[in-house]
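Reading through the C-alpha cells given below for one structure.
Naming: A, B, ... by sequence-line order, numbering from 1 per chain. As the structure is a computational prediction, the values presented were derived from the model and not from experiment. Below, all heavy atoms of this structure are taken into account, side chains as well, without hydrogens, waters or symmetry copies.
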Amino acid sequence: MKQQIKKIVLDAAKKAFKNGVLPSDEIPEMEIEEPRHQSQGDYATNFAMVSASLQKMAPRKIADSLVSQIEIGGWVEKVEIAGPGFINFFLSKEAWHPVVDKILGQDKRYGASTIGKNEKVQVEFVSANPTGPLHVGHGRGAAVGDSVANILSFAGFDVQKEYYINDSGRQIRTLGTSVYLRLIQKTGKQIDFPDECYKGDYINDLADQILEQEGSSFSQKDEGEAISTCAKFAAKKILNSIKEDLSRFGVTFDQWFSEQSLYDTGRVQKAIDDFKSKDLIYEEDGALWFRTQDFGDEKNRVVVRNNGLTTYFASDIAYHMEKFERGFDKVIDVWGADHHGYIKRIDASVVASGRESQQFEVILVQLVNLLRGGKPFQMSTRAGEFVTLKDIVDEVGKDAARFMFLSRSYDSGLDFDLELAKQKNSDNPVYYVQYVHARITGILLKAKQEGGIQDIDFQKGKHLELLNTIEEIQLLKILNAFKENVEKSAKTRHPHVIFTYLMTLASAFHGYYNKHKVITDDRQLTLARLSLVLGVKKVIRNALTLLGVSAPERM
RNA sequence: GCGCCCGUAGCCGAGUGGAUAAGGCGUCAGCCUCCGAAGCUGAAGAUCGCUGGUUCGAUUCCAGCCGGGCGCGCCA
C-alpha cells in the first residue's frame, strides 16, 4: 500500500515538472508515513517539506503543485494539504479489504519479505561456557538471538544459528579440577577449595556421578589423569544439560562450534602467523600484541602471553576469520552488555583480515534484574547460588518467559518479575495476546457447530465489502502493516517491534470483539466477519512464531 | 578518569527528524440472561533529565553537564 502511494507521489512529481508547475525534477529522500490521527488521513508524505530547498519554493506551494497533478479515483478518495505542507491521502474502505485474501492465501508466509535478498547471515548467541548451567542473562540472550534469527529468516535472509563452545583446555581444566577436588573431599580428606574453582551444587552432583561410575578407587588415581577424566565427563554432561535447557526454552542451533577445533586444525596459529606477516602483531615484554589501536581500539591487546599460552582473544580472531571463510556476508554476535569492551578488538580483527566493518555486528543485550513480587531477588554467583534458566522455565513456562524477555528493547536493562510472569491476567502481556488466538478459535468453533459453516478454513475472504465499521477498517489497517513491521524489526534487529505490533493488534481485536458480534443473523455479514477474524488469528500466530511463543487454541 | 547503554506521567515503558507524545500498571467511574470478563469503555495524570547547538521543524541528531547500569587484566 505504501509503495502504491509512493508511486502516485513520484508520478505526480514527474508530471508537475513536465507541465512546468515545479522547477526541478529532482526527487529528494522522502517518507510515506501513517499519521497519528484519523483526521490526517491514512497516509501522508513530507515530500513538499523536504523538497523546499531543491525547488526553492515554500512547502505548501509545492504541495499545491503536486496535488494538482494527482487524479482522484480508485482507492484514493481524497488528498489534502495540511500543517506545514504534509500531503494527506484518504483511502476508501474498499482499499483495505484485499488484505484478508492475502492473509488467507499466503497463510504461514503472510508477512514474509524479500528484503534480505538471500544474504547469508550468521547469528551466534548464548555461547556460554560449558562450566555451569545457563542463568537468566543467558535466557534473555537466547530469546533475543533466536527471535532475531527467526525474523531475519522471515525477512528473506539466509540465516544460520550457531553456538560457540568455549571448550579449550583452560577453563575446562578448571572445571575438571573443581569436580576432582569435591570428589576428593567426599572421600573424607580435608583440603582447601580454591577460589578460582566453580562452587555450585552441580559440581557436587557431578562428583557423585563420577564416584558412582568409577568406584572409590578413582581417588587413588594419578591426579593429572583423574582431573582430565573429570573434565571430559563434566563438560559433556553440562553441555548436554545446556542443550536440553535451551530446547525446552524453544531454542535450537544449526551448529555447535568447538573452540578446541580451532586449535586442533591449527587455525589459531595460522591466524597469528598471518597477522605477524602483515606486521599487525609484534612482540613486547615477551608477549605477542595485536595492533588493535590502529583500528580504533584504546590500546593494543595481547594474543600470546609471555608464558606462551594464547589468550581468548587469539581464538576469537581465528573464529571470526573462520566464520567469514564459510561464506557469510554478515556475522552477528549476541553478547551480554558486560562484554561491550570486546567489540572494538573483534571488529579490529575482522577489518584486519580484509572484511568490511559493517559485515560484523554485535547485538548488546543489557542485563536482567530478577525480581520476585517487585523485590530484588538475592543471588550470589560467588557461592554458586543463582536462578537458572531451567528454574525460570519450570516456574513460569517457556511462553511467558520468552515474551517477557522480548517485551522491551534489549538496549535497556530488564526487570524480570517471577510473580508477574506467572500471573494469568492482563498484567501479563503473553496472555493478553494468546487470548486473542484462543478466543478466535472459540468463535470459529461455534460458527462451525451452531452456524453450520462447514469448511471454515477459508482460502479467500467472503463478502468482504460488508466490512465497513471503523473498528473493522482499523483492524484491516493493522493487519496490512504486519509486513512493514517485520521489515522494520529485521532492519533494526529489534524483536520488540514485533512485540509492540502484537499488543496493538490484540488490543484492536479485543475492542472489536466487545463492540461487535462476529456471528450474527445476517449470514453474509457473518461470513465476512469470520474471514476477518480468521485473518487476525493467522497474523497473531505468525507474529508469535517469530518470537518463539506458541499460539494456543485453548487456554 | 576513560568507554558503552539508559534517563519519556506516581511506576513500567513505545515512539528516534515532522502536525494533537502509544500502551500498560496504579487511581476514579462504568460494562457479563449475549461468540471465552485471562476481555472492554470512559476520566484524571507529561516543562520527553538540564543547558546550548544543527534544522523550515528536535523527545528524536551533535556538544557539555547531572543521574543510573555495565565494563576498563599478559582473567575467562
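Put simply, the side chain of A:Asn88 and the base of B:A19 share a donor and an acceptor less than 3.5 Å apart.
Annotation: ring-ring contact (aromatic ring centres under 6.0 Å, His included) contacts of A:His138 (sequence neighbours excluded): A:His135. In this view, A:Lys236 satisfies the salt bridge (Lys or Arg N to Asp or Glu O under 4.0 Å) rule with no residue, not counting sequence neighbours. Here A:Phe499 pairs with A:Phe403 under the ring-ring contact (aromatic ring centres under 6.0 Å, His included) rule; sequence neighbours left out. Under the rule for a ring-ring contact (aromatic ring centres under 6.0 Å, His included), A:Tyr198 has no partner lying at least two apart in sequence or in another chain. A:His339 pairs by the ring-ring contact (aromatic ring centres under 6.0 Å, His included) definition with nothing, not counting sequence neighbours.
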Shorter than 3.5 Å, N or O on both sides, protein versus nucleotides 28-35 of chain B: list them out with atom names.
| from | atom 1 | to | atom 2 | distance (Å) |
| --- | --- | --- | --- | --- |
| B:C34 | O2' | A:Lys517 | NZ | 2.6 |
| B:C35 | O2 | A:Ile519 | N | 3.2 |
| B:C35 | N3 | A:Val518 | N | 2.9 |
| B:C35 | N4 | A:Tyr513 | O | 3.0 |
| B:C35 | N4 | A:His516 | O | 2.5 |

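The salt bridge (charged side-chain N to carboxylate O under 4.0 Å, His left out) pairs that include a residue from residues 531-541 of chain A are A:Asp107-A:Lys538, A:Asp107-A:Arg541, A:Asp457-A:Lys538, A:Lys537-A:Glu553, where partners are two or more places apart or lie in different chains. Sorted by first then second residue, the side-chain hydrogen bond (donor to acceptor under 3.5 Å, both in side chains) pairs that include residues 496-507 of chain A, not counting sequence neighbours, number zero. Among residue pairs with one or both ends in residues 498-515 of chain A, those qualifying as salt bridge (charged side-chain N to carboxylate O under 4.0 Å, His left out) are A:Glu471-A:Lys515; sequence neighbours excluded.
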Per-nt protein contacts along nucleotides 2-7 of chain B (heavy atom under 4.0 Å; B base, S backbone sugar-phosphate only, - none) come out as -BBSS-
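A side-chain donor-acceptor contact under 3.5 Å links A:Arg529 to the backbone of A:Lys517.
The aromatic ring of A:Phe86 stacks onto the base of B:A19, its centre lying under 5.5 Å from the centre of the six-membered base ring with the two planes under 30° apart.
For B:C32, the base is syn relative to its sugar; the glycosidic angle is within 90° of 0.
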Dot-bracket for RNA chain B: what is it, with Watson-Crick or G-U pairs under 3.5 Å, [ ] where a pair crosses earlier ones, and | for a pair to another strand? ((((((((.[[[..)..(....]]].(((((.......))))).....[[[[[..)....]]]]])))))))....
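Near RNA chain B, meaning a heavy atom under 4.0 Å from it, residues 35-51 of chain A has A:Pro35, A:Arg36, A:His37, A:Ser39, A:Gln40, A:Ala44, A:Asn46, A:Met49, A:Val50 in order of number.
Comparing B:A38, B:C74, B:A76 against the side chain of A:Ala287 picks out B:C74 as the nearest.
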